[in-house]
Amino acid sequence: MSGRHQKSLEQENKELRTQLASVSSERDKYKALFDTSGDALSIIDLNSGKFVECNQSAVNMHGVLDKNNFLDLSPSDISPQYQPCGNPSAALANEYIEKAFAEGPQLFQWRHSRLDGSIFPCLVSLSAFQIQGENLILAIGRDISELMAARALLDEAQSSIERYKKAYQQEKEKFELFVNLAPIGIAINAMKGGAFHYVNKEFGSMTGYSVDELNSMDYWALTPRKYEKQEQEQLCDMQEKGRYGPYHKEYIHKKGNHFPVLLSGIMITDSNGDDFIWSVVQDTSQQKEAEAKIHKAREQADSFAFRMQLANDSAGIGVWEWDLISNELIWDDWMFKLYGVPKSQFSGVYEYWEQAVHPDDITYAKASLQRALTENTIYDPEFRVIHPNKNVRTLKASAEVIKDNTGKPIKVIGVNYDVTDKINAIEKLEAAKKEAENSAKAKGEFLANMSHEIRTPMNAILGGLQLLQNTELKPDLRKVLDNAAFSAKSLLTIINDILDYSKIESNKIELEYASLLLLDVIESVKYDLDSLISNKGIDFIVSVDENYVDGWVGDLVRIKQILLNLTSNAVKFTHQGTVKIKLSCIAYKNEQAVQISIKDSGIGMSSEVQARIFDRFSQADTSTTRQYGGTGLGMSITLSLVKMMQGSLKLASELGRGTMIDVILPLARASKKSEMTFKKSLNPPDLKGKYVLVAEDNKINQILISTMLKGTKAELVLVDNGALAVDAFKEQKFDLVLMDINMPIMDGVQAQHEISLINRATPVIALTANVMVEDVNRYLEQGFNAHIPKPIDLNILYGVLSDYIKLE
């Protein structure tokens with residue numbers, strides 16, 4: 001190797017050592033900055049999800065033992081599961097990391113946790129970088145707990161300042177209003193020069209000048225110069241005592257005449273140190289006239305006192321006075337009448353009043369009086385007194401506490417008057433109200449009982465007719481049977497309408513709220529009307545607007561009742577053509593709502609009929625009643641239900657050309673889809689090998705339910721009451737229980753409770769004529785799995801059986 005080449009290598013080696021020293025210095029510098037930083041610094045390897053480096057501040061901030069312990073942690077170990085926004089910490093952290101790689105460094109607020117479980121706010125910066133193909137994240141954290149606390153204190157202080165400002169402004173406005181409305185003149189003058197700085201309206205009215213004129217005038221423009229000496233004396237008093245007056249002098253009216261005034265005032269100093277005189281001015285022009293009339297006024301006062309006594313006598317008001325210093329009690333004549341005692345028996349001390357008050361009321365009456373004395377509250381209690389002849393009367397009291405210059409109570413002056421008759425009248429009204437409420441309750445109980453009593457025999461009638469409809473009959477008998485079934489159902493509708501009308505009239509209907517699908521409700525309505533639609537041979541069309549999305553929250557039963565009433569009317573009065581139902585979503589009173597349009601090609605209505613169609617007990621005319629039947633309550637009930645739901649109902653019709661009804665119901669959106677509660681099946685389920693327990697005390701209904709269930713091939717066990725049902729359940733395993741409610745010895749509710757204690761898994765269905773909404777809800781809350789109303793609809797019975805018996 002040549003010397004030149006060797007020199008070159010040595011030079012290159014030297015330069016490399018210099019560069020290495022420089023790099024090492026830079027590295028050591030940044031390492032020192034990293035380690036000594038007051039912020040928590042850490043580096044995360046995204047491939048392993050672990051910390052690969054941290055400084056001591058990170059160890060301290062997260063309450064970790066040392067650096068090695070920290071590096072054993074993952075980022076999820078030092079964050080709570082969820083951030084304040086509700087998002088999981090892990091998902092939100094990944095989102096910020098992705099943004100750091102895609103968009104650059106990210107700065108945000110974060111909730112961190114320590115190993116002891118405590119949580120604290122932190123300001124976090126994430127920066128992404130790569131070293132030798134590894135994706136790394138530099139995390140910088142700063143505990144901002146103290147900053148957040150300081151900010152909260154600052155917000156609270158700012159809020160307090162705003163409250164104080166508002167309170168100051170309110171007090172200032174009240175004070176200015178008081179001064180302007182004061183019935184005496186008020187003026188503020190500069191001590192030096194006497195210029196007016198403020199006058200109220202009464203001062204301007206007194207002097208004849210407007211407020212603006214007075215504010216631009218000099219004090220001596222109102223005061224005659226002859227008062228200069230007296231004015232100087234008053235100013236000297238002001239300097240020594242801080243106040244002047246009362247001081248009699250004259251003012252010069254705008255018209256030029258002089259009039260006497262009485263002044264009093266105080267000295268005030270503003271924030272700049274300038275002195276002002278605040279004067280209260282009273283026009284004494286009429287003082288001489290008043291003095292001249294004093295004698296006459298005294299005579300009038302005596303006359304007035306006499307008239308006041310007459311007024312007290314006519315109103316039965318007694319006046320009393322209690323001297324708190326001497327304990328003397330003074331009564332006028334009416335007080336003796338109110339307490340039923342003669343003057344000769346009156347001791348004239350406070351304790352006499354205590355002894356006259358009813359023992360049950362004296363504590364309250366004394367406490368009210370004591371509060372008036374110590375807390376400056378109003379004294380106006382009612383209490384009973386007992387006359388010497390044992391007669392009890394109720395008195396109303398009212399009093400004013402008189403205080404001395406130091407604020408110490410020295411006297412109480414008040415009145416008493418008899419309110420016994422008023423109290424008795426109120427008690428009678430309360431009794432009448434309670435009687436009315438009991439009457440309404442009795443009416444509701446009567447209607448519920450009447451419903452049960454009517455539905456029980458109707459169960460046998462409708463049930464029997466349903467069973468006969470499944471048999472082979474001659475055409476003429478089939479027609480008779482169909483008419484009988486239709487009439488029975490019409491009678492049931494009438495019963496339901498009367499009960500609903502009574503509940504609406506008494507404000508007893510309460511809406512239930514649950515998720516529902518309106519398309520399912522309409523399908524259920526269509527199912528109920530299917531036989532009538534088929535017999536008439538008309539088309540029944542359901543259309544859905546393209547913007548309609550199903551899923552609402554509302555009272556499923558009442559919404560179906562609205563649709564069934566309107567749709568059954570449309571089908572009833574349409575002999576040929578079509579009944580159409582259209583669903584759409586609209587905005588109604590700034591809320592989302594569903595619109596249901598029902599259009600038919602039926603007989604229509606005249607304008608006179610439309611005007612009264614929603615009146616209770618009102619129908620189109622007597623011929624319509626004879627031909628179509630009904631109570632005249634259905635449309636009224638429908639409108640009442642729509643209004644209860646804060647919706648609207650509009651009707652348009654033309655005689656002979658059909659009817660169009662638009663119903664808008666402002667329902668809330670459901671968070672999840674619901675399942676319809678209308679369970680029906682045309683065919684009996686195959687329950688061969690299944691054991692069904694039926695508790696029914698009515699023999700006719702026993703025969704009916706046995707016949708209805710015959711097609712299911714189930715093994716039936718019938719018992720007469722709830723106690724026998726519980727005994728049977730203990731002895732044998734059943735797949736389902738049909739339970740009547742009103743039974744002797746043990747009712748269905750108690751029986752269901754006993755059965756559920758034995759085996760909660762066995763479905764128990766309430767099979768009862770109690771169909772009031774509150775009854776049904778109570779049964780379901782009690783633990784019944786479902787409710788089948790009487791009269792029993794065969795299709796509902798089959799549908800419920802299919803749902804609640806597990807078929808193999």
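Nothing here was measured: the structure is a model prediction, and the numbers come from that model. In what follows, residues are counted from 1 in the order of the sequence shown.
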*Asks:* As an exercise, state the distance from CD1 of Ile661 to CG of Asn565, rounded to the nearest 0.5 Å.
*Replies:* 10.0 Å
*Asks:* Identify the heavy atoms of Gln595 and Asp662 that sit nearest to each other, and give their distance.
*Replies:* NE2-CG, 3.7 Å
*Asks:* What distance do Thr638 atom OG1 and Asn569 atom CG have between them, rounded to the nearest 0.5 Å?
*Replies:* 7.5 Å
*Asks:* Between Ile741 and Ala766, what is the shortest heavy-atom contact and its length?
*Replies:* CD1-CB, 4.3 Å
*Asks:* Using every non-hydrogen atom in the two residues, find where Leu716 and Leu718 come nearest and quote the distance to one decimal.
*Replies:* CB-CD1, 4.0 Å
*Asks:* Does the side chain of Tyr96 pick up a donor-acceptor pair with the side chain of Asn94 at under 3.5 Å?
*Replies:* no
*Asks:* Report yes if some heavy atom in the side chain of Val594 is under 4.5 Å from a heavy atom in the side chain of Trp552; otherwise report no.
*Replies:* yes
*Asks:* Run the ring-ring contact (aromatic ring centres under 6.0 Å, His included) test against Tyr513 and tell me which residues pass, sequence neighbours left out.
*Replies:* none
*Asks:* Nearest 0.5 Å, please: how far is CG in Leu516 from CG in Asp550?
*Replies:* 8.0 Å
*Asks:* What is the distance from atom CG of Leu767 to atom CZ of Phe784, rounded to the nearest 0.5 Å?
*Replies:* 10.5 Å
*Asks:* Testing the basics here: between Ala570 and Ile598, what is the closest heavy-atom pair and its distance to 0.1 Å?
*Replies:* CB-CG2, 4.2 Å
*Asks:* State the CD-CD distance between Gln782 and Gln750, to the nearest 0.5 angstrom.
*Replies:* 8.0 Å
*Asks:* On a heavy-atom basis, which atom in Gly604 and which in Leu655 lie closest, and how many Å separate them?
*Replies:* O-CD1, 4.0 Å
*Asks:* Please list all pairs passing the salt bridge (charged side-chain N to carboxylate O under 4.0 Å, His left out) test where one or both residues lie in residues 590-611, with sequence neighbours left out.
*Replies:* none
*Asks:* Assess the residue pair Asp720 and Lys699 against the criterion (salt bridge (charged side-chain N to carboxylate O under 4.0 Å, His left out)); give the C-alpha distance rounded to whole Å, side-chain angles, the decisive distance to 0.1 Å, and a yes or no.
*Replies:* CA-CA 8 Å; Asp720 293 335; Lys699 297 299 181 183; 3.2 Å; yes
*Asks:* Mark yes or no for whether Lys536, through its side chain, and Thr574, through its backbone, hold a donor-acceptor pair below 3.5 Å.
*Replies:* yes
